[in-house]
Amino acid sequence: TGTKQLHLSVDEVMETIRCDFVERRYYVTGRLSKEVYADDCFFDAPDPDMPVTGLSKYVDAISNLFVKSASEIDLLGLESVGANLIVARWRLKGTLMLPWRPAVKAYTGTTLYQLDDQG
């Protein structure tokens, strides 16, 4: 999935995550910066379709989950909580891409990003 960016600082990774949330809205679009994730990355969440191992599999799943024009993700906070850990706090609401288009009421959540030895 493209040329990987290795050995980034925590600040550089945080800026990439910020852009993925704010500019690319990756939770509702599936457009995340693949070059900073390992191809065999592990994704977990309290969701029936999780956990998922593999960047391509995860991107395929989230790319087709929400109606992009009717869904929103807001980054509420982003902080480093250890040498290799970053936590994002966010608020999400939207419409699922199912035939009856169910609405997902706004809720807040957190995502923990763990950097490997390659950053």
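It should be emphasised that the depicted structure is a prediction, and the values quoted were computed from it without experimental measurement.
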### Task
Look at the side chain of S33 and the backbone N and O of V36, then say whether any donor-acceptor pair between them is shorter than 3.5 Å.
no
### Query
Hey, quick one: are F42 and Y37 part of the same hydrophobic cluster, counting side-chain heavy atoms closer than 4.5 Å, chains of contacts allowed?
no
### Query
Quick one: side-chain hydrogen bond (donor to acceptor under 3.5 Å, both in side chains) pairs with a partner in residues 62-87, sequence neighbours left out?
none
Which donor-acceptor pairs under 3.5 Å do side chains of residues 91-107 form with protein atoms, sequence neighbours excluded?
unit_1 : atom_1 : unit_2 : atom_2 : d
R101   : NH1    : L98    : O      : 2.9

#### Entry: R18 and L75, any side-chain heavy atoms less than 4.5 Å apart
yes
### Query
Under the ring pair (Phe, Tyr, Trp, His ring centres under 6.0 Å) test, which residues partner Y113, sequence neighbours left out?
none
### Query
Just how far is it from atom CD of E35 to atom CG of L55, taken to the nearest 0.5 Å?
10.0 Å
### Query
Can you list the other members of the hydrophobic cluster that holds V87, where links are side-chain heavy atoms under 4.5 angstrom apart?
V81, L85, L112
### Query
In Å and rounded to the nearest 0.5 Å, what is the OG1 to CD1 distance from T29 to I62?
7.0 Å
### Query
How many angstroms lie between atom CG of L115 and atom CG of L8, to the nearest 0.5 angstrom?
8.0 Å
### Task
Taking the side chain as every heavy atom from C-beta outward, state whether Q5 and E12 have any atom pair closer than 4.5 Å.
no
### Task
Consider only side-chain N and O atoms of W90 and T110, and report whether a donor and an acceptor are under 3.5 Å apart.
no
### Task
Rounded to the nearest 0.5 Å, what's the gap from CE on M14 to CD1 on I86? Could you check?
6.0 Å
### Message
Quick check on the hydrophobic clustering: are L76 and F21 connected, directly or via other members, by side-chain heavy-atom contacts under 4.5 Å?
### Response
no
### Task
Supply the atom-to-atom distance C41 SG to K34 NZ, rounded to the nearest 0.5 angstrom.
13.0 Å
## Note on the structure
Residues passing the side chain to side chain donor-acceptor pair (under 3.5 Å) test with T53, sequence neighbours excluded, are none
#### Entry: Neighbour count >12 (heavy atoms, 6.0 Å) for atom CD, E23
yes
### Task
Apply salt bridge (Lys or Arg N to Asp or Glu O under 4.0 Å) to R24 and list each qualifying residue two or more places apart in sequence or on a separate chain.
D20
### Query
For L78 and A88, which heavy atoms make the closest approach, and how far apart are they?
CD1-CB, 3.7 Å
### Message
Holding to ring pair (Phe, Tyr, Trp, His ring centres under 6.0 Å), I want the full list of residues that pass it with F66, two or more places apart in sequence or in another chain.
### Response
none
### T111 side chain near Y27 side chain, heavy-atom distance below 4.5 Å
yes
